[in-house]
Amino acid sequence: MTPEAFIAKWQNSKIKERAAAQEHFLDLCRMLGEQTPAEADRDGIDYGFEFGATKTTGGRGFADVFKRGFFGMEYKGTHADLTAAFAQLQRYAVALNNPPLLIVSDVGTTIRIHTNWTNSVSRIYDIPIAELGDPEKRGWLKAAFTDPDALRPKQTRQELTEEVAGEFARLARSLRDRGHEPEPVAHFINRLVFCMFAEDVKLLPNHIFTQMLERALETPEEFVDFAGQLFAAMRSKGGRVGFERIAWFNGGLFDDDTVFVLTRDEIRIVYKAAQHYWGDIDPAILGTLFERGLDPDKRSQLGAHYTDRDKIMMIIDPVIVEPLSAEWEVVRTEIEGFIAKANQARGGAGTRAFNQARAALDGFLQRLSQYRVLDPACGSGNFLYLALRALKDLEHRAQVEAEALGLPRTFPRIGPEAVLGIELNPYAAELARVSVWIGDIQWNLKNGFAAAENPILKPLRNIECRDALVSWVPDTSFAGGKWVSAEWPIANAIIGNPPFLGSRKMAPAMGSQYVSALRKIYTRTVPKGADFVCFWFAKAHSALRGSTERMGLVSTNSLSNAASRQVLRDLFTDQYPIAVWRDEPWTVSGAAVRVAIVCMSSEPVANPMLDDMAVDEIHSDLRSAGTTRGADLTLSKPLRENANKAYQGVVPRGSINPTDASRLGLPNGDFAVSAAQAREMLVAPLNPNGRPNTDVVVPYLIARDLAQRPSGRFIVAFGTMTEREAAMYELPFNHIAPVKLHRQHMAQPEALTTWWQHWRPRPEMSAALAPLTRFIVTPRVSKHRLFLWRTHPILPDNAVVVVAREDDVTFGVLHSRFHELWALRMGSTLEDRPRYTPTTTFQTFPFPHGLTPDIPSVVSMADDAAKHIAHCAKELNQLRENWLNPADLVRREPEVVPGYPERILPINEEAESFLKKRTLTNLYNERPAWLHHAHEALNEAVAAAYGWPADLGDDEVLARLFALNQERGSEGHADAL
DNA sequence: AATCCGACATACC
DNA sequence: GGTATGTCGGATT
């Protein structure tokens, strides 16, 4: 059939019966050269007429024509107009598996294609029948049959939102620059945003907001009056602006009609923003963009709260969607049973069964409509917005499926009141309300329902602006009051992303009074040293003990670190994990952090998920019980035999950061001294006390020197000398003079009293190292667990952990897989990198019997196993040293004074650039065969010392080490240390 | 009196 | 300009 023939046959004809619509569609197929349903698919499942028709629905399907994955099509038929036909399609889009295109037609005049992708802005392709001769328009139709993606709008909702939000941020900043307070500005801007959205989705008539702006552009001084009139009309029932009837918007957003005086330029910004189509904006990112634009300084504070949609759904799915879907499956089966009974039975019994089916459906819908989701740190409302959509989707699906079974459907009941929020920042709280409103209205429109009216917005008092942890209760009996634990509204589910703040950063950020009040109130549930998020976990825990069914919170991944662990341990004693991710990267720019996600239920859960894998059980350290035979390694005890052997290095604190130094107008003094200056000091003549500067100028070892190439630093270190003694060393003492100024500006006044000393000089470490010919060092944070030898008088920085032993046996045991596994498991992490924490990794580690660090090395070396370890350790170290500094590429020079480690210098520039790549981190990244063999040999030697087979699995090793720790720890000195 | 951590910091490819 | 990889200060206990 040619387009001309099609036009001749159908133009201006009116549909009389459903058969005419089918004939119209068949002609369309013939014109486009596409297969008809009968030709393509005999089953009619993927492509056919009257899709979803059942006996109970009387032969009417969800759509007149349906092609799975392509489109749903509805003819005007009994509908009054194309809009109603479109709404019908939207309502059943779920039952049609959300086809990308929804097509409506009135047979004789128009075919209209609506795009239906969730993440793209929507677009309408209008094809008048009379213009089917136009190849482009026929192309659109053809694409609907063959390649719907060709019709997908290019712009995503995110891009659209970024564009419009950026313009509003400009306005907000302009108002803030004129001295307006952030809160009224936020309120005002939110109103404007809502007005733009409202007029674009036709909740406001005739683009009245844009019209108002156009008039105000002519006479800017009248903007206040115009906007005030509009806001006033929106606030009241039956309001009008001129002739136009304005719908009633309640909900607090238009409670007053305060309007800022805007300049012409500012009105132009608003006008320009209003030119965009706001109907498709994504409220989930709107908030963040505003926050960023409004106050760039606060970006890290507020913007960082932004959680991307995927992460939020990782919580909403297991916490809300999955349990409620499961409930629905049960109810639906019940309904199916009743309906089957109703269809078989006649008369009273049939009616009764039908009513039972209705009651079952109603019961479920009632349950859904009473379901409440609380986000006690809701920020700009992203979690709430997505939770509301999820609930509405569930309700809608239940309705559509029930209708397919023959039950009448009702208007959706779930609205913004289903979500509850608490947020401290007034600006964010307001955004949360707007996001939830917009989300609700968008959902209704997208699914073919009118927005609820009279009023359009109901008050959203359920998003509260207050502190979620404590509240101040004034006491009238005296002129004061007290802080008490804040109440949380009762909710079925608690979700959210509370602010992350390490315990050490809480006081500076929140004020020490607030923090001490908080600690006092939560003293039983949240241990000192726990991260700020732990308070939310503790409160959610107590809610789960009450009527709350499930919770899911995001936290920093350091939650499983020592102090915060207690909160989790409590939580896991009487609640059940549903899904846990222990270390997820955070995808938002501007925040470099990794997070843990913890979803818990008050009811037992059959197969909890750990990092997307089903496991039998999850421990409070967010590990699966399958490892280490269920042993909880967090219960390991410190061992007395390991005491006083591992130290962190010195903390100089000679300088403050350069920014502060320049702000305070201070020279940036430091204990550190350049290598050139240091050598001058070292060779200088003896001081008045007859001593050389070698007493107090020493090589300084930082962690980087171990994992990467040594940097050859020096430092002035007076140890615990008195000022009188220190001053004898003239050059070094003069060098550190500026330190005194800095100490005066430090928070700890005691730092000044011994200003010439390092803040932590670690005399006990120096004492332990002094008699040794060498000592063992390891970087506190490094990708690989590396142990190296260093010698006196090198002074380790606090980022280096020192083990005061000089024997190869201890070195070998520490560098074996046994200690490495233990350290990995017992230590904490910095982001994704393991961190060696001496108290939990070294202090608790059970060395092989007879080789413990409390035994002098001469004694332990009598042992054959020990000799073997020593040999392997020596070999490993030698090979590595040779690799790091090949003898033909370096020359070794004695230091300017005797007793100092010799200098290792590249012989020429070529050697220098070659040596840059010779770092231990690089070596262990590559793990060449020789290194592997050396470690294998060492591992076998250490295994033999333990008396264990060499091929134990990792979990088995940990389990055995733990058993050994428990045994040693309970040998009458469990209180060791 | 020492520890532990960083909604990070920065060198390097 | 990403990506890889670990500083060093200092509040907290």
Side-chain angles (χ1 to χ4, degrees), chain A residues 298-307 379 497-509 512 515-516 519 527-533 554-559 561-564 585-595 646-657 660 670-672 700-709 711 713 715 720 742-743 746-748 750-751 754 758-765 779-784 786 796-801 827-841 843 916-917 919-922 924-925 977:
Chain A
K298 292 230 170 114
R299 183 172 167 161
S300 56
Q301 274 177 36
L302 297 170
H305 281 76
Y306 169 61
T307 316
N497 175 8
F500 303 171
L501 209 54
S503 65
R504 284 158 184 83
K505 296 196 166 178
M506 276 171 65
S512 52
V515 174
S516 62
R519 292 222 179 277
K528 292 174 178 177
D531 193 285
F532 202 33
V533 281
V554 185
S555 91
T556 131
N557 70 337
S558 55
L559 191 71
N561 287 350
S564 304
W586 207 231
T587 48
V588 180
S589 64
V593 66
R594 298 180 72 91
V595 302
Y647 303 90
Q648 275 184 220
V650 298
V651 185
R653 275 187 76 183
S655 61
I656 52 181
N657 69 58
D660 287 354
D670 206 342
F671 287 103
Y700 186 45
L701 182 75
I702 64 170
R704 173 171 304 206
D705 296 335
L706 305 176
Q708 289 163 218
R709 295 299 295 185
S711 49
R713 298 165 186 233
I715 194 162
T720 52
H742 293 296
R743 288 284 171 95
M746 282 178 181
Q748 300 85 344
E750 73 275 16
T754 54
H758 289 168
W759 191 50
R760 297 297 170 223
R762 305 248 186 274
E764 67 297 331
M765 174 182 80
R780 233 163 65 225
V781 177
S782 61
K783 185 176 176 186
H784 307 288
L786 308 166
D797 168 80
N798 77 98
V800 176
V801 174
S828 64
T829 56
L830 172 58
E831 297 202 337
D832 53 345
R833 285 141 283 133
R835 164 176 268 143
Y836 196 75
T837 50
T839 49
T840 56
T841 55
Q843 219 73 266
K916 265 189 183 160
K917 296 191 185 72
T919 69
L920 285 189
T921 301
N922 285 344
Y924 278 81
N925 281 344
L977 299 179

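Letters go in sequence order (proteins before strands), and every chain restarts at 1.
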N/O donor-acceptor pair under 3.5 Å between A:Ser782 side chain and A:His784 backbone: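 Present.
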Heteroatom pairs (N/O) under 3.5 angstrom, protein to nucleotides 1-5 of chain C:
{"unit_1": "C:dT5", "atom_1": "OP1", "unit_2": "A:Asn925", "atom_2": "ND2", "d": "2.8"}
{"unit_1": "C:dT5", "atom_1": "OP2", "unit_2": "A:Lys783", "atom_2": "NZ", "d": "3.1"}

Whole-Å gap separating P (C:dG10) and CZ (A:Arg653):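 Value for this atom pair: 5 Å.
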Between P of B:dA7 and CG of A:Leu501, the distance in whole Å: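 For the pair A:Leu501 CG and B:dA7 P, the rounded distance is 7 Å.
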For DNA chain B, stems built from three or more consecutive Watson-Crick or G-U wobble pairs below 3.5 Å: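 Looking at DNA chain B, the stems formed by three or more consecutive pairs are B:1-6 with C:8-13, B:8-13 with C:1-6.
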Sugar-phosphate only, base, or nothing, as touched by A:Val781 at under 4.0 Å among non-hydrogen atoms: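 If one applies the 4.0 Å heavy-atom cut-off, A:Val781 turns out to touch the sugar-phosphate alone, with no base involved.
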Touch class at under 4.0 angstrom, heavy-atom based, for A:Ile702 against every strand present: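 A:Ile702: backbone/sugar contact only, no base atoms under 4.0 Å.
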Side chain of [X] (C-beta onward), nearest among [options]:
X: A:Arg713; options: B:dA11, C:dG10, C:dC8; value: C:dC8
X: A:Asp797; options: C:dC8, B:dG6, B:dC4; value: C:dC8
X: A:Ala799; options: C:dT13, C:dC8, C:dG9; value: C:dC8

Phosphate contact (C:dA11 OP1 or OP2) by A:Arg760 side-chain N/O below 4.0 Å: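 Negative; the distance criterion is not met.
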Separation between the P atoms of B:dC8 and B:dC4, rounded to whole Å: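 Pairwise P distance, B:dC8 against B:dC4, rounds to 23 Å.
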